[in-house]
Amino acid sequence: MSDANVRIPEEAKDRLAAIAAAEGLSLRAYLARLAETMLTPAERVERAEKARAALRAWNGNASTLAEQSALDDELDRRLARVQRP
């Protein structure tokens with residue numbers, strides 16, 4: 001396995017190193033685990049499609065993308081209202 005160098009701000013490196021240490025990992029091991037567990041945009045789309053298919057099979061939910069977007073917008077509005085001081 002070859003190593004790669006990534007240039008990031010020192011503050012970001014320090015934060016990641018602290019998170020890794022708190023989990024008992026080296027920064028290298030933490031970043032490798034992070035890369036293995038994060039989903040690409042295409043993988044997220046694929047999982048969302050599978051979830052929609054499962055909902056359709058389970059309860060007949062067949063909302064359109066426009067309906068889903070409207071529901072997401074409504075949820076965002078409600079969360080913003082609750083989070084205001």
### Message
Clusters formed by hydrophobic residues whose side-chain heavy atoms approach within less than 4.5 Å: which one holds Trp58, and what are its other members?
### Response
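In the cluster with Trp58 are Leu55.
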### Task
Quick one: list whatever passes side chain to side chain contact (heavy atoms under 4.5 Å, CB included) with Ala12, sequence neighbours left out.
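Partners of Ala12 under the side chain to side chain contact (heavy atoms under 4.5 Å, CB included) test: Ile8, Pro9.
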### Query
Taking only residues two or more places apart in sequence, or in another chain, which ones meet Ala21 in a side chain to side chain contact (heavy atoms under 4.5 Å, CB included)?
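Ala21 satisfies side chain to side chain contact (heavy atoms under 4.5 Å, CB included) with no other residue.
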### side chain to side chain donor-acceptor pair (under 3.5 Å) partners of residues 69-79, not counting sequence neighbours, each pair once
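For residues 69-79: Glu74-Arg77, Glu74-Arg78.
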### Query
Tell me, which pairs form a side chain to side chain donor-acceptor pair (under 3.5 Å) where one or both residues lie in residues 2-12, sequence neighbours left out?
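The answer is Asp3-Arg28.
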Side-chain polar contacts of residues 31-45 - donor-acceptor pairs under 3.5 angstrom, sequence neighbours left out - could you list them?
residue: Arg33; atom: NH1; partner: Glu23; partner atom: OE1; Å: 3.2
residue: Arg33; atom: NH2; partner: Glu23; partner atom: OE1; Å: 2.1
residue: Thr37; atom: OG1; partner: Arg33; partner atom: O; Å: 3.1
residue: Thr37; atom: OG1; partner: Leu34; partner atom: O; Å: 3.2
residue: Thr40; atom: OG1; partner: Glu43; partner atom: N; Å: 3.1
residue: Thr40; atom: OG1; partner: Glu43; partner atom: OE1; Å: 3.4
residue: Glu43; atom: OE1; partner: Thr40; partner atom: N; Å: 2.7
residue: Arg44; atom: NH1; partner: Leu39; partner atom: O; Å: 2.8

### Query
Looking at residues at least two apart in the chain, or sitting in another chain, which of them share a side-chain hydrogen bond (donor to acceptor under 3.5 Å, both in side chains) with Asn61?
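Asn61 satisfies side-chain hydrogen bond (donor to acceptor under 3.5 Å, both in side chains) with Ser63 once adjacent residues are dropped.
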#### Entry: salt bridge (Lys or Arg N to Asp or Glu O under 4.0 Å) contacts touching residues 51-67 (sequence neighbours left out)
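As it turns out, there is no salt bridge (Lys or Arg N to Asp or Glu O under 4.0 Å) pair with a partner in residues 51-67 once direct neighbours are skipped.
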### Taking every non-hydrogen atom, the tightest pair across Ile19 and Tyr30
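Heavy-atom minimum between the residues: CG2-OH, 3.4 Å.
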### Query
Nearest heavy-atom pair of Ala20 and Ser26: which atoms, and what distance?
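Smallest heavy-atom distance, with atoms named: CB-O, 3.7 Å.
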